[in-house]
Amino acid sequence: MTPPGLPNAMERPHFIGIGGAGMSGIAKILAQRGAKVAGSDARDSETAQALRAHGATVHIGHAAAHLAADSTCVVVSSAIRSDNPELARAAELGIPVVHRSDALAGLMDGLRPIAVAGTHGKTTTTSMLAVSLSALGLDPSYAIGGDLDAPGSNAHHGEGDIFVAEADESDRSFHKYTPQVAIILNAELDHHANYASVEEIYESFETFVAKVVPGGTLVVAHGQAGAAEIAARVAGNEGLRVVTYGEEEAADVRITKITPRGLTSEVTVVIDGRMLTFTVSVPGRHYAHNAVAALAAGVALGIPAHNLASALGKYTGVKRRLQLKGEAAGVQVIDSYAHHPTEMNADLEAIRGAAGDSRILVVFQPHLFSRTQELGKEMGQALALADAALVLDIYPAREDPIPGITSEIIIASARAAGADVTAEHEKDAVADVIAGMAKPGDLVLTMGAGDVTDLGPQILARLSS
């Protein structure tokens with residue numbers, strides 16, 4: 001096939017917030033396709049350094065002077081505020097502003113896209129597809145919302161004709177994509193700043209499904225209520241093939257057995273009348289379901305099921321998705337990106353299944369005031385699955401504080417559910433506190449979508465000392 005070129009006006013793009021998970025991947029692929037990429041980020045990072053290695057110019061801090069006058073466009077995400085000085089400078093210079101979803105959609109043109117959507121599990125499932133298709137020598141392009149291993153490994157420009165993309169529903173940007181195969185892992189109420197009800201979530205996913213190309217396939221979870229609701233709503237869409245997966249008898253791709261084996265699982269499925277057993281190198285039922293969704297999507301593109309099942313065993317995890325950070329003094333430290341109660345429950349149940357009689361100690365950092373306001377009680381109930389937990393202050397990300405919304409909502413709920421929970425307002429004190437609590441054989445889980453991930457190495461260093 002002829003390699004895809006650069007999307008319109010992407011010859012000299014400038015990214016505001018170039019170090020972000022979604023933005024950096026698009027920037028990397030454009031650089032690999034020959035664009036002269038530049039951008040800025042609030043702080044330097046390994047991701048920024050990885051982009052520089054691909055020829056990108058990365059400025060630290062945001063300033064009007066960072067935007068070159070000959071830039072062909074400015075790429076932004078929904079997190080960029082309207083008063084950003086580089087955005088204001090773009091308006092002065094008449095440089096077009098492009099949302100990252102439009103840039104990503106342009107990168108998919110002429111290829112066979114798989115778009116992975118869902119409230120939870122997108123990064124893992126996209127990663128599973130990227131790794132397994134690569135292992136089969138298909139050299140897909142991909143854009144993932146997290147690094148596979150090394151910094152900057154969240155995206156790749158491949159020579160093959162498949163593009164695997166994480167499709168983000170949070171700001172409705174996944175409406176821009178026209179996939180050949182769409183996956184819906186689940187659909188629940190989240191992103192409360194953009195969705196007022198679960199009905200709005202369902203309608204948004206319906207719009208996403210309507211963009212699947214004629215003759216394309218929707219792979220959807222059979223047993224998850226939200227996903228099943230969307231499948232029912234789109235069942236009459238002309239030219240759409242719907243493939244369901246799950247443990248239910250009626251699922252098209254049926255999971256017949258999930259056998260935990262420490263920090264891995266063995267999964268048996270029946271697909272197209274044939275039984276297959278393969279290994280998933282991360283623990284937990286929900287990760288097994290993610291792998292089966294990936295399997296069904298690959299088969300929908302014509303890849304033999306037995307080849308893909310074998311290749312899925314090459315996947316060894318992605319950063320922040322139950323990632324083992326290390327072990328010290330007989331204590332394992334694991335990092336989890338879980339920040340929604342469903343994700344927290346799933347990861348804690350997976351670790352509980354792998355831990356045996358070991359204690360699980362959690363360091364949880366709530367993410368966003370709006371999410372805590374809506375789901376704080378459920379977060380607290382999830383923490384009752386741990387033997388003990390520290391709860392940090394809310395990580396604000398892009399949000400301003402909401403009066404009366406603090407971590408105390410979570411702590412009160414956790415205690416009401418019988419959990420052993422302590423508030424910790426000083427992040428720098430966590431390593432000492434955990435070192436005082438942990439005993440050989442314990443598992444420590446740092447959990448949340450914010451900078452709680454930085455604490456794993458600190459806890460390991462303190463345990464070692």
Side-chain angles (χ1 to χ4, degrees), residues 6-7 10-62 66-68 71-81 84 86-87 97-108 115-116 122-124 126-127 129-131 134 140-158 163-168 170-171 173-174 176-177 318-321 323 335 337 397-398 449-451 453-454:
L6 292 170
M10 288 286 166
E11 296 86 359
R12 295 183 303 281
H14 178 93
F15 287 76
I16 304 177
I18 196 169
M23 297 281 272
S24 61
I26 298 167
K28 178 183 175 182
I29 294 172
L30 284 168
Q32 289 177 321
R33 288 195 188 178
K36 185 180 177 184
V37 174
S40 63
D41 208 37
R43 60 189 178 94
D44 210 349
S45 64
E46 291 180 319
T47 300
Q49 292 166 26
L51 285 169
R52 292 187 187 108
H54 286 283
T57 299
V58 181
H59 303 281
I60 303 307
H62 297 297
H66 290 162
L67 178 61
S71 298
T72 51
C73 70
V74 169
V75 185
V76 299
S77 71
S78 299
I80 303 304
R81 297 190 181 228
N84 183 282
E86 292 163 35
L87 202 53
V97 175
V98 176
H99 192 273
R100 70 170 182 84
S101 58
D102 291 302
L104 180 55
L107 291 176
M108 296 185 211
V116 183
K122 293 186 292 293
T123 297
T124 297
T126 309
S127 303
L129 276 162
V131 169
S134 298
S141 297
Y142 53 82
I144 308 169
D147 284 332
L148 290 170
D149 42 41
S153 60
N154 58 330
H156 170 68
H157 166 60
F163 196 117
V164 186
E166 186 169 330
D168 183 14
S170 67
D171 55 2
S173 61
F174 68 160
K176 305 289 180 64
Y177 312 138
V318 64
K319 280 192 173 182
R320 307 235 46 217
R321 273 63 178 183
Q323 179 192 11
D335 193 30
Y337 188 69
R398 58 192 175 272
D451 58 7
T453 186
D454 299 338

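Heavy-atom basis, side chains included; hydrogens, waters and symmetry copies ignored. This is a predicted model, so every value here is computed, not measured.
Nearest heavy-atom pair across H156 and P140 is CD2-O, 3.2 Å. Nearest heavy-atom pair, A165 versus M108, reported as atom, atom and distance to 0.1 Å: CB-CE, 3.5 Å. Scanning all heavy atoms of the two residues, the minimum distance from A167 to K122 falls at O-CD, 3.3 Å. Nearest heavy-atom pair, V98 versus A103, reported as atom, atom and distance to 0.1 Å: CG1-N, 3.9 Å. Between A155 and K28 the shortest heavy-atom distance is O-NZ, 2.8 Å. The heavy-atom pair separating H14 from S71 by the smallest distance is CB-OG, 4.0 Å.
With hydrogens and angles ignored, the 3.5 Å screen pairs no side-chain donor or acceptor of S40 with any backbone N or O of H59. A distance-only check finds no donor-acceptor pair linking the side chain of K176 to the backbone of A105 [under 3.5 Å]. Under the 3.5 Å distance criterion, the side-chain polar atoms of S173 are matched with a main-chain donor or acceptor of D168. Side-chain atoms of R33 come within 3.5 Å of backbone atoms of L107 as a donor-acceptor pair (strictly under, hydrogens ignored).
Within the model, atoms CG of D335 and OG1 of T453 stand 3.5 Å from one another, a figure rounded to the nearest 0.5 Å. Note that OG1 of T47 is 8.5 Å distant from CG of D41, once rounded to the nearest 0.5 Å. To the nearest 0.5 Å, the span separating OG on S127 from CD on E166 amounts to 7.5 Å. For the atom pair OG of S153 and OH of Y142, the computed distance is 6.5 Å after rounding to the nearest 0.5 Å. One distance of note links CG of L6 with CD1 of I29; it measures 11.5 Å at 0.5 Å rounding. One distance of note links OG1 of T123 with CG of N154; it measures 9.5 Å at 0.5 Å rounding.
Two residues are said to be in side-chain contact when any heavy atoms from C-beta on lie closer than 4.5 Å; D171 and H99 meet this criterion. Put simply, the side chain of Y177 reaches to within 4.5 Å of the side chain of S101, judged on heavy atoms. When side chains are defined from C-beta on, H62 does not count as touching I80, because their heavy atoms never get closer than 4.5 Å. Using a 4.5 Å cut-off on side-chain heavy atoms (C-beta onward), L51 and V37 make no contact. For the pair I26/V75, no side-chain contact is recorded, criterion being any heavy-atom separation below 4.5 Å from C-beta on. Here the side chains of D44 and R52 are in contact, with some heavy-atom distance below 4.5 Å. Counting heavy atoms from C-beta on, the side chains of L104 and F163 come closer than 4.5 Å.
No hydrogens or angles considered: nothing links the side chains of T57 and H66 as a donor-acceptor pair under 3.5 Å.
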